[in-house]
Amino acid sequence: QVRMVESGGGLVQTGGSLRLSCAASGRTLTMYGVGWFRQAPGKEREFVGTISWNSVMKYYPDSVKGRFTISRDNAKNMMYLQMNSLKPEDTAIYYCALTHVVGGSLISSEYDYWGQGTQVTVSS
C-alpha cells in the first residue's frame, strides 16, 4: 500500500514563497513519475507540474512556469514543490501524485497514487 503525505502548506502574502513536501512510503520512487496538481473551490483539478523518475524531464503549465519548481529525492522518497512569486489565484489545495508513466504525465487519470492534499492560501 502506498501512502503519500503532503506538508508545507499555509497562508502567505502575494509575492511570497512556500515549499511543499510530499513523503511517500510503500513503493520505490524510482518506479514512478511525480506530479503536482491543485484544486481551488468550485474549480476542476489543475495540473501544476511533473517530473520524470530521474529528474531529467520536467514540465510546467504556463500558469506557473518560471515561478514553481518540482524536485525529488529518490533516496529519501521525497518530492517537493517550490513556489515563488505567489499570487492569489494560486490559492488551492495542492496534491502530490505518483504515475506509472516514468517520464511524468500531464493527465490526472494516469496517476495511480495521491496524497491527501495541503491547503495553500495566498492573501492579496
In short, salt bridge (charged side-chain N to carboxylate O under 4.0 Å, His left out) pairs touching residues 50-63 with sequence neighbours left out are D62-K65
S21 meets the side-chain hydrogen bond (donor to acceptor under 3.5 Å, both in side chains) criterion, sequence neighbours left out, with none
Residues passing the side-chain hydrogen bond (donor to acceptor under 3.5 Å, both in side chains) test with Q119, sequence neighbours excluded, are T121
Contacts satisfying salt bridge (charged side-chain N to carboxylate O under 4.0 Å, His left out) that involve residues 46-55 (not counting sequence neighbours) are R38-E46
Review point. With a 3.5 Å cut-off and no angle check, do the side chains of E6 and T118 form a donor-acceptor pair?
Key: no
Residues joined to M57 in its hydrophobic cluster, side chain to side chain under 4.5 Å directly or through other members, sorted by chain and number, are V56
Sorted by chain and number, sequence neighbours left out, side chain to side chain contact (heavy atoms under 4.5 Å, CB included) with A40 holds for K43, A92
Members sharing M78's hydrophobic cluster, built from side-chain contacts under 4.5 Å between Ile, Leu, Val, Met, Phe, Trp and Tyr, are Y80
By side-chain hydrogen bond (donor to acceptor under 3.5 Å, both in side chains), T99 pairs with (sequence neighbours left out) none
By side chain to side chain contact (heavy atoms under 4.5 Å, CB included), S123 pairs with (sequence neighbours left out) L11, Q13
Across all chains, not counting sequence neighbours, the side chain to side chain contact (heavy atoms under 4.5 Å, CB included) partners of L86 are V12, L18, F68, M83, D90, V122
Residues at least two apart in sequence or cross-chain that pass side chain to side chain contact (heavy atoms under 4.5 Å, CB included) with V2, listed by chain then number, are M4, R27, L98, Y113
Residues 112-122 vs salt bridge (charged side-chain N to carboxylate O under 4.0 Å, His left out), sequence neighbours excluded, gives none
